[in-house]
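For reference, the structure discussed in these notes is given below.
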Amino acid sequence: IVTWNTMISGYAQVGDMDNAFKIFEEMGERNIVSWNSLIAGFLQNGLYLDALKSFVSMGHEGKRPDHSTFACGVSACAHLAALQVGKQIHLSVIKSGYVKDLFVGNSLITMYAKCGRIRKAKLVFNDIDEVDIISWNSLIAGYALNGYGKEAIELFEDMLMKGVAPDQVTFIGVLSACSHAGLVSQGLKLFKSMTEVYTIEPLVEHYACIVDLLSRAGRLKEAFEMVTEMKIKPN
RNA sequence: CUUUUUACCAAUC
């Protein structure tokens with residue numbers, strides 16, 4: 001079974017979900033990891049509906065999801081903005097006792113945030129005993145997505161005060177928040193601190209946030225200069 | 001052997 005499972009995730013990692021699924025169907029006996037590998041594979045390849053369908057099929061076959069399955073199922077709902085299904089899965093998470101799992105908690109934050117339920121996302125965050133960088137990043141990105149620039153920055157500052165070191169994903173979140181909320185000088189300041197204080201090399205995503213920030217503010221000349229002068233190849 | 005967070009644009013809701 002382990003060999004078959006490894007093949008499923010191997011195919012998934014190279015983006016070949018047709019063969020991953022073929023292997024899954026052909027194997028005689030499956031365990032929870034077989035299902036998780038398939039569902040995670042769909043998720044990683046952007047096939048969210050297939051991920052969710054597989055999550056449901058698994059239940060129909062009488063298999064109980066574990067923390068990984070739930071994290072993936074909730075994440076699929078997040079990407080699909082499937083709030084009703086997401087809430088249902090949240091209920092079964094509670095019933096099955098996986099509500100304390102960080103991976104599950106973090107995916108719930110994202111799910112509620114992507115469904116526009118930012119207050120609920122914050123509640124889930126607050127309910128987690130020991131949040132990690134992913135929890136912070138998830139909620140910050142959630143605020144950004146929903147246009148709450150000030151809150152995103154406040155959360156970022158809370159994070160720093162708790163001694164958590166931001167990473168590149170954190171900055172994608174805060175910079176995107178600044179762009180959506182029109183916080184131009186804040187955004188530029190954060191971008192500067194990212195490289196100078198936190199010594200994080202900007203990715204194309206960070207430049208995109210700044211170009212977006214400047215462009216939305218009507219500062220097209222500076223936006224253009226940012227594109228032409230950026231250290232990496234623009235996409 | 002499997003898990004959660006990651007920008008812009010367009011489309012959809």
Side-chain angles (χ1 to χ4, degrees), chain A residues 1-13 20 23-24 27 30-44 46 49 51 54-55 58 65-84 89 93 98 101-116 121 124-125 128 131-145 152 155 159 164 166-180 187 191 194 200 202-216 223 226-227 230 234-235:
Chain A
I1 285 192
V2 173
T3 310
W4 291 87
N5 290 347
T6 304
M7 290 175 74
I8 294 171
S9 74
Y11 275 121
Q13 276 170 35
I23 297 290
F24 177 84
M27 62 193 294
R30 298 166 187 150
N31 63 14
I32 183 72
V33 177
S34 319
W35 283 95
N36 292 347
S37 303
L38 181 75
I39 296 169
F42 282 133
L43 206 57
Q44 284 152 202
L49 197 55
S54 304
F55 179 91
M58 183 180 153
D66 70 1
H67 58 109
S68 300
T69 329
F70 276 123
C72 291
V74 171
S75 174
C77 292
H79 290 279
L80 294 166
L83 181 60
Q84 301 310 321
I89 299 180
V93 164
Y98 289 112
D101 183 83
L102 239 196
F103 283 73
V104 173
N106 290 342
S107 59
L108 285 168
I109 294 171
T110 302
M111 190 274 289
Y112 283 113
K114 283 204 195 293
C115 290
V124 172
F125 179 92
I128 297 176
V131 295
D132 66 2
I133 178 97
I134 308 277
S135 320
W136 289 102
N137 289 350
S138 302
L139 193 56
I140 289 171
Y143 279 125
L145 184 72
L155 196 64
M159 174 182 168
V164 180
D167 65 8
Q168 64 272 50
V169 177
T170 317
F171 278 100
I172 294 171
V174 279
L175 293 177
S176 148
C178 291
S179 136
H180 290 303
F191 183 68
M194 177 176 86
I200 295 172
L203 304 172
V204 71
E205 286 90 341
H206 299 109
Y207 285 111
C209 289
I210 296 300
V211 172
D212 180 54
L213 177 87
L214 292 167
S215 300
R216 282 182 205 254
M226 181 64 65
V227 176
M230 56 194 271
N235 66 8

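Order of the sequence lines sets the chain letters (A, B, ...), proteins ahead of strands, with each chain counted from 1.
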| Considering only B:C1, B:U6, B:U3, which nucleotide approaches the side chain of A:Ala71 most closely? | B:U3

| field | Residues forming a side chain to side chain contact (heavy atoms under 4.5 Å, CB included) with A:Met194, sequence neighbours excluded | value | A:Phe171, A:Phe191, A:Ile200, A:Pro202, A:His206

| field | Contacts of A:Asp66 that satisfy side chain to side chain contact (heavy atoms under 4.5 Å, CB included) - sequence neighbours left out | value | A:Ile32, A:Asn36, A:Ser68, A:Thr69, A:Tyr98

| So, is A:His79 close to the B:U4 phosphate, meaning a side-chain N or O under 4.0 Å from OP1 or OP2? | no

| message | Expressed as a whole number of angstroms, how long is the span from A:Leu203:CG to B:C8:P? | response | 14 Å

| said: I want to verify a distance call: between B:C1, B:U3, B:A7, whose nearest atom is closest to the A:Ala40 side chain? | reply: B:U3

| message | Holding to side chain to side chain contact (heavy atoms under 4.5 Å, CB included), I want the full list of residues that pass it with A:Ala144, two or more places apart in sequence or in another chain. | response | A:Ser176, A:Ala177

| message | Base, sugar-phosphate or nothing for A:Ser68? Non-hydrogen atoms, less than 4.0 Å. | response | base

| query | How far does CE of A:Met58 sit from OG of A:Ser34, to the nearest 0.5 angstrom? | reply | 9.5 Å

| Looking at A:Gln44, does any N or O in its side chain come under 4.0 Å of the phosphate oxygens OP1/OP2 on B:U2? | no

| request: Measure the distance from CD1 on A:Ile1 to P on B:U2 and round it to the nearest whole Å. | output: 15 Å

| said: For A:Asp212, give me all partners under salt bridge (charged side-chain N to carboxylate O under 4.0 Å, His left out), at least two apart in sequence or on another chain. | reply: A:Arg216

| Given atom NZ of A:Lys114 and atom C1' of B:U4, what is their separation to the nearest angstrom? | 12 Å

| message | Side-chain N or O of A:Ser75 versus OP1/OP2 of B:U5: is the shortest distance under 4.0 Å? | response | yes

| request: With the side chain of A:Ile134 defined as its heavy atoms from C-beta on, choose the nearest nucleotide among B:A7, B:U3, B:U5. | output: B:U5

| remark: Interatomic distance, CD1@A:Ile8 vs CD@A:Gln13, rounded to 0.5 Å, equals 12.5 Å

Using nucleotides 9-13 of chain B, report all nitrogen or oxygen pairs with the protein that are shorter than 3.5 Å.
residue : atom : partner  : partner atom : Å
B:C9    : OP1  : A:Arg216 : NH2          : 2.8

| note | Of B:C1, B:U5, B:A7, the nucleotide closest to the side chain of A:Asn5 is B:C1

| said: In this structure, how many angstroms lie between the P atom of B:C1 and the CD1 atom of A:Ile8, rounded? | reply: 15 Å

| request: Ignoring the backbone of A:Val169, work out which of B:U5, B:U2, B:U4 is nearest its side chain. | output: B:U5

| request: Measure the distance from CG on A:Asp101 to C1' on B:U2 and round it to the nearest whole Å. | output: 13 Å

| task | Could you check which of B:U6, B:C1, B:U3 has an atom nearest any side-chain atom of A:Cys72? | result | B:U3

| said: Heavy atoms from C-beta onward define the side chain here; which of B:U3, B:U5, B:A7 lies closest to that of A:Ser176? | reply: B:A7

| said: If you only use heavy atoms from C-beta on, which nucleotide in B:A7, B:U3, B:U5 is closest to the side chain of A:Ser138? | reply: B:U5

| task | Take atom CE of A:Met58 and atom C1' of B:U3, then tell me their distance rounded to the nearest Å. | result | 12 Å

| request: Decide yes or no on side chain to side chain donor-acceptor pair (under 3.5 Å) for A:Asn31 and A:Asn5, but give the supporting numbers first. | output: CA-CA 9 Å; A:Asn31 63 14; A:Asn5 290 347; 3.1 Å; yes

| request: Measure the distance from CE on A:Met230 to P on B:C8 and round it to the nearest whole Å. | output: 15 Å

| task | With heavy atoms under 4.0 Å as the rule, sort A:Leu43 into base, sugar-phosphate or nothing. | result | sugar-phosphate

| Residues forming a ring-ring contact (aromatic ring centres under 6.0 Å, His included) with A:His79, sequence neighbours excluded | A:Tyr48

| query | Between atom CE in A:Met27 and atom P in B:U2, what is the gap in whole Å? | reply | 14 Å

